[in-house]
Amino acid sequence: TIHADTVLISTGASAKWLGIESETRLNGKGVSACAVCDGFFFRGQEVAIVGAGDTACEEASYLSNICSKVYMLIRKDEMRASQIMQKRVMNNPKIEILWNTETDEILGDEEVKGVRIFNNKTGEKSEIAISGFFVAIGHQPNTGIFKDFIHMDDAGYIKTIPGSTKTNVEGVFACGDAQDNIYRQAVTAAGTGCMAALDAERYLAEFENE
Ligand SMILES: Cc1cc2nc3c(=O)[nH]c(=O)nc-3n(C[C@H](O)[C@H](O)[C@H](O)COP(=O)(O)OP(=O)(O)OC[C@H]3O[C@@H](n4cnc5c(N)ncnc54)[C@H](O)[C@@H]3O)c2cc1C
C-alpha cells in the first residue's frame, strides 16, 4: 500500500478490437483503431472501417476526405448511430456501406492488402482490395479499479468537475483518455495531464497551509 496526499489517475482508454489473429498481426501495418490519427497514411487509397456508431460514422466521413473510397462494414442491417450521422455517411458518394457484413480475415503478410468479408445472412464470402483497415467499435476506459470510489459515466469515463481535473474525491484528479470520451488524442491527454499536475500542486499547497 502506498500512501499519498494526492493521486492523479491517467490510466487511459483501450480501443476495442474484433479479436481476430490478422488484426493483431497487422496492427500498425495498415490496421488502426484511430482514423483521425492514422488516416493520412492512406491518402488517395481505398480503406475499410468496421463500426456502426456515431464514432464510426464520424471516422468514415473523416476518411472520405482523405481516401479515394471507404467501405463501411456493418454487422447488422441497421446502424446504432444517430439519424444525422447515418444520413451523412449514406449520402456520401465515397462511402459504400456493406450491411450484414463481418470480417473473416484481414489479408496481407507485411501490410494490409485486402479484407475477406462474409455476409452473415447468406454466408457468402468475398474479398475487397484495401490498404487500410480501421476498427471503430468503441473504447473501454481503464478505470474499473476505481469504480467503487470515483464517479463515472455509464461507459466508465471518470467524471471531472468542468474546467478542472477534480473528481468527486478531494485530492484525486483525473486526466487523459480515462476522463475523455470525445477527443482521445495525445495532445488533449497531455493538456489535461498538465491541468491535473497544476491542480494537484495547488491542492498540496492548500493542504500544507492548513
Ligand atoms: C493506433 C492509435 C494511434 C494514435 N495516434 C495518435 C496520433 O497520431 N496523435 C494523437 O494525438 N493521438 C493518437 N492516439 C491517441 C493517443 O495515443 C491517446 O489519446 C493518448 O495516448 C492518451 O494518453 P493517456 O495518458 O490518457 O493514456 P495512455 O497513453 O493509454 O496511457 C495509460 C497508461 O496507463 C497504464 N495503465 C492502465 N491501467 C493501469 C492500472 N490499473 N495501473 C497502472 N497503470 C495502468 C497503461 O498501461 C498505460 O501505460 C492514437 C491512439 C491509437 C490507439
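Counting convention: from 1, in listed order, for ligands and their atoms alike.
Residue Glu21 qualifies as enclosed at atom CD: its count of foreign heavy atoms under 6.0 Å is above 12.
The salt bridge (charged side-chain N to carboxylate O under 4.0 Å, His left out) check on Glu124 picks up nothing, with sequence neighbours excluded. Listed by chain and number, the residues in a salt bridge (charged side-chain N to carboxylate O under 4.0 Å, His left out) with Glu111 are Lys113 (sequence neighbours excluded).
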With a cut-off of 3.5 Å and sequence neighbours excluded, list every side-chain donor-acceptor pair involving residues 76-88.
{"residue": "Ser82", "atom": "OG", "partner": "Asp54", "partner atom": "OD1", "Å": "3.0"}
{"residue": "Gln86", "atom": "NE2", "partner": "Met79", "partner atom": "O", "Å": "3.4"}
{"residue": "Gln86", "atom": "NE2", "partner": "Ala81", "partner atom": "O", "Å": "2.8"}

Under a 3.5 Å threshold, I'd like every N/O contact between ligand 1 and protein atoms, with atom names and distance.
{"residue": "ligand 1", "atom": "11 (O)", "partner": "Gln185", "partner atom": "OE1", "Å": "3.3"}
{"residue": "ligand 1", "atom": "11 (O)", "partner": "Ala186", "partner atom": "N", "Å": "2.8"}
{"residue": "ligand 1", "atom": "12 (N)", "partner": "Ala186", "partner atom": "N", "Å": "3.0"}
{"residue": "ligand 1", "atom": "19 (O)", "partner": "Asp177", "partner atom": "OD1", "Å": "3.1"}
{"residue": "ligand 1", "atom": "19 (O)", "partner": "Asp177", "partner atom": "OD2", "Å": "3.0"}
{"residue": "ligand 1", "atom": "19 (O)", "partner": "Arg184", "partner atom": "O", "Å": "3.1"}
{"residue": "ligand 1", "atom": "19 (O)", "partner": "Gln185", "partner atom": "N", "Å": "3.3"}
{"residue": "ligand 1", "atom": "19 (O)", "partner": "Gln185", "partner atom": "O", "Å": "3.3"}
{"residue": "ligand 1", "atom": "19 (O)", "partner": "Ala186", "partner atom": "N", "Å": "3.4"}
{"residue": "ligand 1", "atom": "26 (O)", "partner": "Asp177", "partner atom": "N", "Å": "2.8"}

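Checked for salt-bridge contact, Arg116 and Glu127 meet the test: a charged N lies under 4.0 Å from a carboxylate O.
Among Ile49, Val50, Leu98, the one residue that satisfies the side chain to side chain contact (heavy atoms under 4.5 Å, CB included) test with Tyr71 is Leu98.
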